[in-house]
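In what follows, chains carry the letters A, B, and so on, assigned in the order in which the sequence lines appear, proteins first and then strands, with residues in each chain numbered from 1.
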Number of protein chains: 2
Amino acid sequence: MDTFKIDDVAKESGLTKRTIRYYEEIGVLFPPERSEGGMRLYTRKHIERLSQIVNARDVLGFSLMEIQDFVAIREKMDEQKQVYWKTEAAEEKLSQLREMKVMVDKQMEMVDQKLSKMAEFRKEIEYMQKRINDGITKMST
Amino acid sequence: MDTFKIDDVAKESGLTKRTIRYYEEIGVLFPPERSEGGMRLYTRKHIERLSQIVNARDVLGFSLMEIQDFVAIREKMDEQKQVYWKTEAAEEKLSQLREMKVMVDKQMEMVDQKLSKMAEFRKEIEYMQKRINDGITKMST
DNA sequence: TTTAACGTTAACGTCAACGTTAACTTTTAA
DNA sequence: TTAAAAGTTAACGTTGACGTTAACGTTAAA
């Protein structure tokens, strides 16, 4: 039994059920299978994906719309795996790979930009720490 | 003439005039002097502060409420400079410094957490780049 | 088998972070 | 000095990202 009901997923991910359904609704979480009665049956993959989404949202500060692109690439990666090596499909596969390369390269650029800006920020804070510490030692003598 | 009208500030910062006024309204940007007729007269300090706010907002993904704390520390730093070395005020100054230290240390911790998470992200993207490049070279032979 | 716990959709509510518009005053360039 | 450009406040509108509630169907344990 490797499927989860929405409440289990909510507990593991720390998100609310509403949020999980919402992420499916706007297309950042791929839809799970359904039970006979219509209940969502999630897999480990869904939980992993949610974790990635939360990271992108909270850490990188991406909006859910920006995360769409991000997610689309992961989707294509998985898709690529499924495609058998057929000579007829080779051409199409190659063009898809090139397309993905462009997107991933762009993402890398964004992340590197954020990283360098963050480093600047860190330096500023470090400087403030230094000034405060100097002030404290100087005064408490 | 080292004061700027709001439109100049808007152009330099890339923000809209509405946004600049809004930031003042909610207290993340300290209010500028006013002209006889009531027009806002900004200084370089304001522009610098706005740049910091934008960075905290876009790069760190902080909400404007979180930025309040962030800004409060900067404000206190400037304030400290103004306070003359009076023996009577020394005790109070020291306690303020300790207070600031706690806040700044907390900020540093947050930034470091974000930095490490971002590094993880970078690694994942790097891995994807590698896989895609491998796929392309393998196919285009 | 029945009832409580949990699931579903649908619709309206909320809050942050501005955009837009109106109605008006101040500056500035001709 | 007189338009036009740019400033002001005030108020309502919008959008993203969910929260909340209602009205109802499904599951699982007693």
Starting from [atom2] on [N], measure out to [atom1] on [X] and report it in whole angstrom.
X     : N      : atom1 : atom2 : answer
A/E25 : C/dT9  : CD    : P     : 10 Å
A/I20 : C/dT8  : CD1   : C1'   : 15 Å
A/I67 : D/dG16 : CD1   : C1'   : 12 Å
B/I26 : C/dC15 : CD1   : P     : 16 Å
B/M65 : C/dA17 : CE    : C1'   : 9 Å
B/D8  : D/dA5  : CG    : C1'   : 13 Å
A/L64 : D/dG16 : CG    : C1'   : 8 Å
B/M39 : C/dT25 : CE    : C1'   : 11 Å

Distance only, no hydrogens: is a donor on one side chain within 3.5 Å (strictly under) of an acceptor on the other, for B/R57 and B/Y23?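 Present: a donor and an acceptor within the cut-off.
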
Between B/G38 and B/F62, name the one whose nearest nucleotide on DNA chain C is closer to the 5' end. B/F62

Across the strands shown, which category fits B/I6 at heavy-atom distances under 4.0 angstrom: base, sugar-phosphate, nothing? sugar-phosphate

Please pick, from D/dG16, D/dT9, D/dG19, the nucleotide with the shortest atom-to-atom distance to any side-chain atom of A/T19.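 Taking heavy atoms from C-beta onward, the closest nucleotide is D/dG19.
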
What nucleotide, of D/dG16, D/dT9, C/dA17, holds the atom closest to the side chain of A/Y22? D/dG16

Any [X] side-chain nitrogen or oxygen under 4.0 Å from OP1 or OP2 of [N]:
X     : N      : value
A/R40 : C/dG7  : no
B/K5  : D/dG7  : no
A/R57 : D/dC18 : yes
B/T16 : C/dG19 : yes
A/Y23 : D/dC18 : yes
B/S35 : C/dT26 : no
B/R18 : D/dG13 : no

Check whether any side-chain N or O of B/K114 sits under 3.5 Å from a backbone N or O of B/L60 as a donor-acceptor pair, and report yes or no.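 Yes; judged by distance alone, with no hydrogens or angles, the pair exists.
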
Looking at A/E66 and A/S63, would you say the former's side chain and the latter's main chain have a donor-acceptor pair under 3.5 Å? yes

Please determine if B/D78 and B/R74 form a salt bridge, counting it only when a charged side-chain N lies under 4.0 Å from a carboxylate O. no

Show the numbers, then the answer: is there a salt bridge (charged side-chain N to carboxylate O under 4.0 Å, His left out) between B/R122 and B/E126? CA-CA 6 Å; B/R122 213 199 108 97; B/E126 210 173 330; 3.6 Å; yes

